[in-house]
Amino acid sequence: MRILRADLFTPANAVTLLGFVLTAAGAWRLDTATGLWVASAGKVMDLLDGLVARRTHASNFGALVDTTTDKITCLVLLAATFHFRLVPLVFLGFVLVYQALIAAMSLDAIRKGWPVKPARL
C-alpha cells in the first residue's frame, strides 16, 4: 500500500486518534463515573470517524489506522476492566478470543490477497 501525504493528515484520522486518546485516558479511571464518560466519548468518536472519512477523504491507510486503533482500544479497555475487576474474567476471555480471531482472519485474508474492507454503516 502506497501512503500519500494526503492520507496521513485527514479529518477522519484526527477523529480516530482523538477517540483513541479519550478512550485510553478514560480507561485509566474506568472505575469512576468520569473515566466511564471519557471512555464513552472516545468510543463515540470511533463511531463518527467512518462518517467523517466518507464525507471528506477516505483511504486504505485511514481504514488501517481505524481498525488498528479499534483493536488497541479494545485491549486497553479489556485491561482496565480486568484491573478494576468490573466484569467476570470469563467474559474478558471470550472478548479477547473473539478479537484475536477477527484479527487473525483479517491478516490471513490480507496474506491471501483477498480484499478486506471495513464494515459500512
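Numbers here are sequence positions counted from 1.
- The minimum heavy-atom distance linking A24 with V76 is given by the pair CA-CG1, 4.1 Å.
- Cluster annotation: V65 and L22 are assigned to distinct hydrophobic clusters (Ile/Leu/Val/Met/Phe/Trp/Tyr, side-chain heavy-atom contacts under 4.5 Å, transitive).
- For residues 19-28, the set of pairs meeting the side-chain hydrogen bond (donor to acceptor under 3.5 Å, both in side chains) definition, not counting sequence neighbours, is empty.
- The nearest pair of heavy atoms linking V52 to A12 is CG1-N, 3.6 Å.
- The side chain to side chain contact (heavy atoms under 4.5 Å, CB included) search around V97 returns L101, not counting sequence neighbours.
- Among residues two or more places apart in sequence or in another chain, the side-chain hydrogen bond (donor to acceptor under 3.5 Å, both in side chains) test is passed with D7 by H57.
- Distance check, rounded to the nearest 0.5 Å: SG of C74 to CG of L96 gives 8.0 Å.
- The side chain to side chain contact (heavy atoms under 4.5 Å, CB included) search around D31 returns F84, not counting sequence neighbours.
- Of all heavy-atom pairs between G62 and N13, the closest is CA-OD1, 3.5 Å.
- For the side chain to side chain contact (heavy atoms under 4.5 Å, CB included) test, residues two or more places apart in sequence or in another chain that qualify with S40 are L36.
- Hydrophobic clustering of Ile, Leu, Val, Met, Phe, Trp and Tyr side chains at less than 4.5 Å, counting indirect connections, keeps L47 apart from V15.
- By the side chain to side chain contact (heavy atoms under 4.5 Å, CB included) test, Y98 pairs with I102, sequence neighbours left out.
- Hydrophobic cluster membership is shared by F91 and L75, with clusters built from Ile, Leu, Val, Met, Phe, Trp and Tyr side chains linked at under 4.5 angstrom.
- The CG atom of L107 sits 12.0 Å away from the NZ atom of K112 when rounded to the nearest 0.5 Å.
- Side-chain contact between T73 and K43 is present, with heavy atoms from C-beta onward closer than 4.5 Å.
- Taking each heavy atom of L78 and T81 in turn, the nearest pair found is O-OG1, 2.9 Å.
- Taken to the nearest 0.5 Å, the CG atom of L89 stands 11.0 Å off from the CZ atom of F94.
- A distance of 9.5 Å separates CG in D70 from CD1 in I72, rounded to the nearest 0.5 Å.
- Atom CG of residue D46 and atom CG of residue L18 lie 11.5 Å apart, to the nearest 0.5 angstrom.
- For the atom pair CZ (F20) and OG1 (T68), the distance works out to 10.5 Å, reported to the nearest 0.5 Å.
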